[in-house]
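Every number for a ligand or one of its atoms is a count from 1 in the order of the listing.
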Amino acid sequence: MLAENRTVLLSGPDVGPLEQEYVLAALRSGWVAPAGPDLDLFEREIAARVGVPHAVAVNSGTAALHLALIGLGVGPGDQVVVPTLTFVATANAVVYTGATPVFVDCDPATGNLDPQVLAGVLDTDASVRAVLTVDLYGSCADYGRILPLCEQYGVPVVEDAAEALGATHRGQPAGSFGRAAALSFNGNKIMTTSGGGMLLTRDADLAARARFLAGQARLPAEHYEHSEIGYNYRLSNLLAALGRAQLCRLDEMIERRRAVRDEYAKVFAHAEAVMLPGGDDPSANCWLTGIVVDPDRAGWHVRELAGHLAARNVETRPVFKPMHLQPVFAGATAYLTGAAEQLFRDGLMLPSGSALGTDEVRRVVDAIAEFLDGRP
Ligand SMILES: *Cc1c(COP(=O)(O)O)cnc(C)c1O
């Protein structure tokens, strides 16, 4: 197919010769199991990168969130604060424990948990057992405000850093906030093991318990002894090898995504009604870049731009549909300001992958410029 016609993907995987080399070496080593030297090294290398002592590799980010919540003792009857603007996995992990998510709205400028709304919730609802924060689209939540607030009320924090590996907040890496954090290595994330995740924590007991539960809660006996229900959440050694190769390239991939964001910032620089949420965060990993368009000021709706790009084989995606609008969470308690609904309605995520070629980015930017050209 002609390069001009090939679909420009939102966030495709970025793998090459280094990944092939690592996976082939792991395969040849004979460690074709959810155990092996690449797994041990992958955990150590991620822990070192994020600056936390304990990392437990698992087969998804969702599993890491589930184990983190169990590690905090969250269970049936508990309420857990979840940002309404997130991917459904954040809320699902809460439900897996038997607890109930309580949805809280976001800061309209960043899309991350609104600390002011959170303060109100913690002040009035004494049944909140934990707070899950999300580093949305690769930009850290406002931990400078959220952590002291949660500390004041004695409520532990779990960080959903699935999208944010490599980002920082006031110099501190994503994945190092709260009692425990979860990373995702799903195929569309900043780096991938094709599917996988990691639980990070400073709490040695929490890490040991997560590791135990991830391996079917098997007690150290030859004859398969079990005294409680566990999960099959371990990551394959082959996939850990893929992760190790990706980690070598993480900084280069982040640089690429930042360069893509800079191109979008340039093409929208004179469109006053267009905002890049979190666009002024220099420590974001720029996993996905999106725009929010005020249709009244702009004179056009963001869906018109989406249609224009789709006709030119450019993939875009709406901002996550807020959890309180999802049929599965109908009737859930939600503390709302309207910010998440507005970002959902007026937002659009643009192709942001590190595997995008210069020519592909050019195609998208030219198509946007063409769209803007005919408008006020
Ligand atoms: C991707 C993602 C997850 C889940 O990760 P998986 O590895 O797909 O299970 C959780 N939370 C957020 C915010 C995500 O983007």
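Of the charged side-chain nitrogens involved, at least one lies within less than 4.0 Å of a carboxylate oxygen, so that Arg209 and Glu228 count as a salt-bridged pair.
The proximity of Asp160 to ligand 1, defined as any non-hydrogen pair under 4.0 Å, is limited to the side chain.
Using a 4.0 Å cut-off to heavy atoms of Ala89, the atoms of ligand 1 that qualify are 3 (C), 4 (C), 10 (C). Taking every heavy atom of Ala162 and a limit of under 4.0 angstrom, the matching atoms of ligand 1 come to 2 (C), 3 (C), 10 (C), 11 (N), 12 (C), 14 (C). Those atoms of ligand 1 with a heavy atom of Thr86 less than 4.0 angstrom away are 13 (C). The distance from ligand 1 to the heavy atoms of Ser184 drops below 4.0 Å at these ligand atoms: 1 (C), 5 (O), 6 (P), 7 (O), 8 (O).
Taking the six-membered ring where tryptophan is involved, the planes of Tyr143 and Phe177 are essentially parallel, since the angle between them stays under 30° and well short of 60°.
Given atom 15 (O) of ligand 1, the protein heavy atom at minimum distance is Glu163 OE2, 2.4 Å. Given atom 9 (O) of ligand 1, the protein heavy atom at minimum distance is Thr62 OG1, 2.5 Å.
Tyr231 and Leu39 fall within a single hydrophobic cluster, where Ile, Leu, Val, Met, Phe, Trp and Tyr side chains are chained together by heavy-atom contacts under 4.5 Å.
Using a 4.0 Å heavy-atom cutoff, Gly196 is listed among the residues neighbouring ligand 1.
Counted by atom type alone, Ser354 and Arg256 present zero donor-acceptor pairs between their side chains at under 3.5 Å.
Of the polar atoms of Trp287, none of the N or O atoms is found under 3.5 Å from an N or O of ligand 1, judged by distance alone. At least one N or O atom of Lys189 sits closer than 3.5 Å to an N or O atom of ligand 1. Close N/O approach between Leu65 and ligand 1 is not found [any backbone or side-chain N/O within under 3.5 Å].
Residues His270 and Leu372 are not in side-chain contact: their nearest non-hydrogen atoms beyond the backbone lie 4.5 Å or more apart.
A distance-only check finds a donor-acceptor pair linking the side chain of Asn237 to the backbone of Asp38 [under 3.5 Å].
Each of Glu315, Arg257, Arg317 was checked for a side-chain hydrogen bond (donor to acceptor under 3.5 Å, both in side chains) with Ser11, and the lone residue meeting it is Arg257.
Considering OH of Tyr335 and OG1 of Thr84, their distance stands at 13.0 Å, rounded to 0.5 Å.
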